[in-house]
Structures are given as structure tokens and as C-alpha cells.
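Here's the structure, in C-alpha cells; my notes come after.
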Amino acid sequence: MPFTLATWNINSVRLRAGLVEKLLTEEAPDVLCLQECKSPVAKIPHEIFAALGYPHMVARGEKGYNGVAILSKLPIEDVGDKDFADLGHARHVAARMDNGLTIHNFYVPAGGDVPDRDKNVKFGQKLDYVAGMRDWFASEKPQKAILVGDLNIAPLEDDVWDHKKMLKVISHTPVEVEALTEAQDAGGWVDVTRKDLPVGKLYSWWSYRAKDWDAADKGRRLDHVWATPDIANAAHGSRILRDARGWEKPSDHAPVFASFDL
DNA sequence: ATGGTGGCTATGCCA
């Protein structure tokens with residue numbers, strides 16, 4: 001059966017419940033994974049999404065920061081979460097569908113401003129978090145799984161607006177890219193977005209601070225869809241809904257879509 | 001070199 005999934009850093013699911021509604025109504029993915037919900041799970045406006053045909057939700061939350069949620073048309077089972085680097089943050093949750101597909105939803109730490117772990121604790125925590133992902137994937141050997149989320153790293157030259165200018169900017173430093181590549185390789189994960197769209201610039205995030213984000217187009221691809229090799233060949237139709245970055249009171253991230261014939 | 005915007009929650013922290 002064909003299956004479509006989207007991932008979106010929503011930057012407050014309560015403030016932007018209307019934008020989630022718009023996405024679910026207009027695009028109707030089977031599963032929507034959200035990050036930066038910034039809400040306790042009990043205060044996520046789940047009734048609104050249930051009324052639109054998404055009665056199933058698996059989520060982790062905290063007050064004001066972080067938070068991840070998986071909304072689904074079809075039943076999903078909560079199969080736990082990980083707290084890499086012992087941050088105590090709601091940055092991961094996993095769900096399993098009746099067909100055995102596992103969906104991992106991640107919100108990797110942003111890492112602060114200074115790309116030096118001796119001067120910036122947050123950067124060290126980001127590297128430790130991604131190393132934790134690597135070690136877990138190496139021991140788990142995931143199968144029939146999809147990993148999505150805001151990984152806060154843009155690994156490829158064409159994932160940023162200016163590769164050379166970004167080499168010392170957190171999200172595109174070589175040490176981060178290496179760490180992410182190690183995590184990807186440890187699980188055998190295939191970058192589905194780049195499998196489908198191998199050529200050219202691709203962004204999913206544009207800063208709120210740019211005067212004219214659309215014209216300046218200084219974006220980064222921070223949001224990812226990965227799949228294990230056993231289902232990666234079933235993936236197709238990846239796209240980034242850039243329009244959503246221009247919606248009223250937008251998130252600074254755009255949703256990333258992928259479809260799978262499973 | 002700096003500051004630019006936005007969310008949460010009440011003041012500074014985080015992105």
C-alpha cells in the first residue's frame with residue numbers, strides 16, 4: 001500500500017495548530033511527525049487533529065521547550081524513546097505501525113553559537129547526542145524503519161546556501177557532518193530525500209532574522225527523511241513544501257515529504 | 001563585528 005509521511009518542525013504546536021490543520025487538510029499525509037512542539041503532551045490540541053482524521057498520536061513533551069509528536073491516520077503503537085547524552089529533553093519518540101514499520105522522530109540539539117565544545121557546552125551536547133544515536137544504531141541494526149526529524153545538521157554542500165561561508169557555522173561544520181554521517185552509516189540509513197532529489201540546492205529552514213527569506217534564500221536542509229535499506233527502494237516522490245514557510249505566522253521550517261510503496 | 005526575529009513565559013533562555 002502507498003504510504004506518505006511528512007516531517008515538520010512546527011515551533012510551538014499550540015500557537016500553530018491552525019497551520020497543522022492546514023497541512024493535514026491540504027496535503028493529507030498518512031503520518032505527520034512534528035518537532036519543537038514546546039508543549040506538555042496533555043496540552044497538545046490532539047482533538048483538532050483527531051477530528052481531521054488523525055485519531056492516533058504518540059508524543060513526548062515538556063513545558064516550553066523541545067517536544068516531538070507523531071500523528072497518524074492508522075493505529076500506531078508507542079515503542080519508547082531515547083535520551084541520548086542524558087539531557088532529560090523530549091527529543092525522540094518511536095512508533096510502530098501494524099505492518100511492522102517503525103518510525104523514529106528526532107529533534108537533535110541545535111548546539112548554540114560557538115562550534116567548540118571547550119567553550120560551548122551545548123555544542124558538546126549536540127556531538128554527544130549524535131554519537132549516542134550512532135552507538136544505538138550500531139547495536140540495534142534497525143530494519144523496516146524510517147527516521148525523520150530536525151537533525152539540525154545540513155550535511156551536503158548543496159544543503160546550504162554557501163558551503164564555504166558555512167564551514168564554521170554550527171549545522172554545517174565538518175565535525176558535525178562527520179558525526180551525522182557516522183550515525184547514518186551505523187544504521188545503514190539511506191537519505192531518502194537525496195535519493196529522490198540528488199541534484200541541486202535543497203533547503204527546509206530559513207531564519208526568521210532574514211529581511212526577505214524568500215528572495216535572499218539563505219536556507220539550510222536541517223530536516224531529514226531516512227530509511228533502512230530494506231525499504232529505501234520503495235521510497236519515491238520526496239518534496240519540500242516551501243510554500244509553508246510563507247504561510248501566515250509561519251514556522252521557520254518547511255515540511256519535508258516522502259512516499260513509500262510498502 | 002554586530003544584530004537581526006520569534007516562542008515561552010514573565011525574564012532571560014533558547015532557537
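Lettering follows sequence order; numbering is per chain, from 1.
Counting only heavy atoms from C-beta outward, the side chains of W226(A) and Q184(A) approach each other to under 4.5 Å.
Between W8(A) atom CH2 and dA15(B) atom P there is a gap of 21 Å when expressed in whole angstrom units. Between the CG atom of N9(A) and the C1' atom of dG6(B) there is a distance of 12 Å, rounded to whole Å. In this structure, the CH2 atom of W213(A) is 16 Å from the C1' atom of dG6(B), given to the nearest Å. Distance, R209(A) CZ to dG7(B) C1': 13 Å, rounded to whole Å. Put simply, CG on D252(A) is 9 Å from C1' on dT5(B), counting in whole angstrom units. Summarising the geometry, the separation between CG on N11(A) and P on dA15(B) is reported as 11 Å, rounded to the nearest angstrom. Per the geometry, NE2 belonging to H253(A) stands 12 Å off C1' belonging to dG6(B), to the nearest Å. dC13(B) atom C1' lies 14 Å from atom CG of N120(A), rounded to whole Å.
The aromatic ring centres of W161(A) and H172(A) sit 6.0 Å or more apart.
Checking dC13(B), dC8(B), dA15(B) against every side-chain atom of K122(A), the shortest atom distance belongs to dA15(B). The side chain of Y208(A) approaches dT5(B) more closely than any other nucleotide in the set dC8(B), dA15(B), dT5(B).
Using modelled atom types and a 3.5 Å distance limit, the side chains of D196(A) and H236(A) yield no donor-acceptor pair. Side-chain contact annotation: E178(A) with T181(A), donor-acceptor N/O pair under 3.5 Å absent.
The phosphate of dG4(B) (OP1 or OP2) has no side-chain N or O of S207(A) nearer than 4.0 angstrom. Contact between the side-chain N/O atoms of R16(A) and the OP1/OP2 oxygens of dC8(B) is not found at any separation under 4.0 Å. One finds a side-chain N or O of K249(A) lying less than 4.0 angstrom from the OP1 or OP2 phosphate oxygen of dG7(B).
When the C1' atom is used for both dG12(B) and dA1(B), the distance is 24 Å, rounded to whole Å. Taking atom P on both dT2(B) and dG6(B), the two are 23 Å apart, rounded to the nearest angstrom.
The ring-ring contact (aromatic ring centres under 6.0 Å, His included) search around F106(A) returns H92(A), not counting sequence neighbours.
Taking each heavy atom of G61(A) and V41(A) in turn, the nearest pair found is N-CG2, 3.4 Å.
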Dump every N/O contact between nucleotides 1-3 of chain B and the protein below 3.5 Å, one line per pair.
none

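The aromatic rings of W189(A) and F137(A) stand perpendicular to each other, their planes meeting at an angle above 60°, with 30° marking the opposite boundary.
Hydrophobic clustering (ILVMFWY, side-chain heavy atoms < 4.5 Å, transitive): V256(A) and W247(A) are in distinct clusters.
Nearest-nucleotide positions on DNA chain B for R14(A) and N152(A) put R14(A) closer to the 5' end. Summary of the strand contacts: P250(A) and Y107(A) both lie near DNA chain B, and taking for each the nucleotide with the nearest heavy atom, the more 5' one is attributed to P250(A).
Within the 4.0 angstrom heavy-atom criterion, no nucleotide atom of any strand lies near R220(A). As judged by a 4.0 angstrom heavy-atom cut-off over every strand, K211(A) is placed among residues making no nucleic acid contact.
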